[in-house]
Amino acid sequence: MAPTSVPPVAPAQDTTVDLLVIGSGTGMAAALTAHEAGLSALLVEKSAYVGGSTARSGGAFWVPANPVLTAAGSGDTVERGHTYVRTVVDGTAPVERGEAFVDNGVATVEMLQRTTPMKLFWAEGYSDYHPELAGGSAVGRSCECLPMDLSVLGEERGRLRPGLMEASLPMPTTGADYKWMNLMLRVPHKGFPRIFKRLAQGVAGLAVKREYVAGGQAIAAGLFAGVLKAGVPVWTETSLVRLLTDGDRVTGAVVAQNGREVTVTARRGVVLAAGGFDHDMEMRRKFQSERLLDHESLGAETNTGDAIKAAQEVGADLALMDQAWWFPAVAPTRPGKPPMVMLAERSLPGSFIVDQTGRRFTNESSDYMSFGQLVLERERAGDPIESMWIVFDQKYRNSYVFAAGVFPRQPLPEAWYEAGIAHRGTTAAELAASMGVPVDTFAATFGRFNEDAAAGTDSEFGRGGSAYDRYYGDPTVQPNPNLRPLTHGPLYAVKMTLSDLGTCGGVRADERARVLREDGSPIAGLYAIGNTAANAFGHRYPGAGATIGQGLVFGYIAARDAASSDAPVA
């Protein structure tokens, strides 16, 4: 197996480069683009690891009409991409940002294909999150990286940020694999072959000293491999202290490593790609919600808004600070532990979600950002969701993976019951009493849901009406793959929490990724991408991988703009 110890840190020193990139997630795309354009680049990373939240993610990227889609015969076009982005954003972000994203998507993915060892594929069938809107796609636009052998990183392998979930078996699982692995007992002819294929790949790889990874680990490793091949230096354990200016132009930054400050002069510009303010709880409570629990974000722990604050100090305006890539998850068993990932669980038949009143409050199968926004809308309206519970029966428990680690027919961990995040009962009334929700109201909710599910129609919230809802449903359940009555006891309830994949409000940027002042004028020499910048899609999440997609594309745009700027190259 490849070594996992972190290599020695490259020492920081006063230096001059063309482009300085702060952050090593999708910021690596900016560095690769700069190198291709003939610029010298430097990556500065606050943590000990390279990859940022990208390495902790599912690893999909969403870019309309990109070459991977074209080669696979998806039928997508740039025109349809423009139509969908305009429709889905619906005025919550500047139109020019969305236009630039779509227009530069093809060139960005072509650049990645030239500069990295990634083998990319279309996750066919992974619907856009709002496929019913104009330009939307039920077959989807999300792409992934095939499992990557980490030996491509050589001695730098230990510097790759670990994934969010560490598998107990060497089985590199893509998002496309997960859909069917989760249904292994329901659709065994699709689930088990994928399990055997990935397990064989992982085990056989270890036998010849290859370590295969998938998802966010694969795309981060691919980008990192490209950076290493290009010879772009990476300073880890190096944090941004402040930006440097000369008049109205940003000319570099002061960074700190091991308590020592050094100056990096950037002739062409500085790209802020250091993530959002996921773990700055003061900022989160100021801009988002006082009810958010400490550090329940799934973003990298070093995402504390440093780049956003530094940009503010030189005059940057902020936008969409109330927004995040909200992600409902299983509540942690104790404070300080991260929540447990939920992906398909909300969509699968034989389950529904209630709040503290014992009532359902939304289409459980909706995309996770919209789900979270509804929770916060309730709070702002003075009707907060104080607790959330996913309710299911034994047939559900016997059929599907839960929280990414509890396999079908495996009992829920006793630690969950001891922590109060799991309850069970033989009847709806017994379960409600254990959960602490009103018994009569919950029983009425239970009865109405079962009546609707038996008819295959959700009369309250329309669950199963969208192609996105159905993607994570169970195709063996008809007529609605998202609905089945809960008739196979005992019954269970598991507490949920509102987590996120990172914040997506931040520095206001234009279609060229340039940071803007409050008056709309650009700050020369300063760019912002990824979650450091305000979401190019405003209040919406177009499809799986849109957060990585816009980080990659605006990294490409920023570096190209810097390369074509008239800044002195002295």
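Here, residue 1 is the first one in the sequence, and each next residue gets the next number.
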Exercise for the section: Taking the side chain as every heavy atom from C-beta outward, state whether Tyr212 and Met148 have any pair of such atoms under 4.5 Å apart. Expected result: no

Handout entry: Side-chain touch Val401/Met181, heavy atoms, less than 4.5 angstrom
Key = no

Exercise for the section: Find out whether Met28 and Val50 are in side-chain contact, i.e. whether some heavy atom of one side chain is under 4.5 Å from a heavy atom of the other. Expected result: yes

Handout entry: Ring centre gap for Phe461 and Phe449 strictly below 6.0 Å
Key = no

Problem - Phe327 ring center within less than 6.0 Å of Phe371 ring center - result: no

Practice task
Identify whether the distance between the nearest side-chain nitrogen and carboxylate oxygen of Asp355 and Arg378 falls below 4.0 Å.
Solution key: yes

Handout entry: Aromatic ring pairing Phe392/Tyr492, orientation class (parallel under 30°, perpendicular over 60°, tilted between)
Key = parallel

Practice task
Output yes when Arg291 and Glu296 qualify as a salt bridge under the 4.0 Å nitrogen-oxygen rule, no when they do not.
Solution key: no

Exercise for the section: From the options Asp278, Asp294, Asp500, select the one residue that forms a salt bridge (charged side-chain N to carboxylate O under 4.0 Å, His left out) with Arg284. Expected result: Asp500

Problem - Side-chain donor/acceptor of Glu144 to backbone N/O of Ala176, under 3.5 Å - result: yes

Exercise for the section: Flag the pair Arg540 and Asp90 as a salt bridge only when some basic side-chain nitrogen lies within less than 4.0 angstrom of an acidic carboxylate oxygen. Expected result: no

Practice task
Identify whether the distance between the nearest side-chain nitrogen and carboxylate oxygen of Arg157 and Glu211 falls below 4.0 Å.
Solution key: yes

Practice task
May I ask you to test the Leu160-Leu153 pair for a side-chain heavy-atom distance under 4.5 Å?
Solution key: yes

Handout entry: Tyr468: ring-ring contact (aromatic ring centres under 6.0 Å, His included) partners, not counting sequence neighbours
Key = Tyr129

Completion exercise
Those residues at least two apart in sequence (or on a different chain) that pass salt bridge (Lys or Arg N to Asp or Glu O under 4.0 Å) with Arg360 are Glu364, Asp458, Glu460

Problem - Contact check, side chains of Thr302 and Tyr49, non-hydrogen atoms, under 4.5 Å - result: no

Handout entry: Nearest-0.5 Å distance, CD1 of residue Ile385 to CE of residue Met496
Key = 9.5 Å

Practice task
Give a yes or no on whether a salt bridge exists between Arg463 and Asp469, defined as a side-chain N under 4.0 angstrom from a carboxylate O.
Solution key: no

Exercise for the section: Establish, yes or no, whether a centroid distance under 6.0 Å links the rings of Phe101 and Phe537. Expected result: yes

Exercise for the section: Report yes if some heavy atom in the side chain of Arg397 is under 4.5 Å from a heavy atom in the side chain of Asp393; otherwise report no. Expected result: no

Practice task
Report yes if the side chains of Val391 and Leu486 come closer than 4.5 Å at any heavy-atom pair, otherwise no.
Solution key: yes

Problem - Ion pair check, Arg161 and Glu301, cut-off under 4.0 Å - result: yes

Exercise for the section: Look at the aromatic rings of Phe446 and Phe442 and report parallel, tilted or perpendicular, splitting at 30° and 60°. Expected result: tilted

Problem - Ring center gap for Tyr541 and Trp325 short of 6.0 angstrom - result: yes

Exercise for the section: Go through the structure and list residues passing ring-ring contact (aromatic ring centres under 6.0 Å, His included) with His539, not counting sequence neighbours. Expected result: none

Exercise for the section: May I ask you to establish whether Lys179 and Tyr126 are in a cation-pi arrangement, using a distance under 6.0 Å from NZ or CZ to the six-membered ring centre and at most 45° from the ring axis? Expected result: no

Practice task
Could you check if a side-chain atom of Gln323 sits within less than 4.5 angstrom of a side-chain atom of Thr503, using non-hydrogen atoms only?
Solution key: no

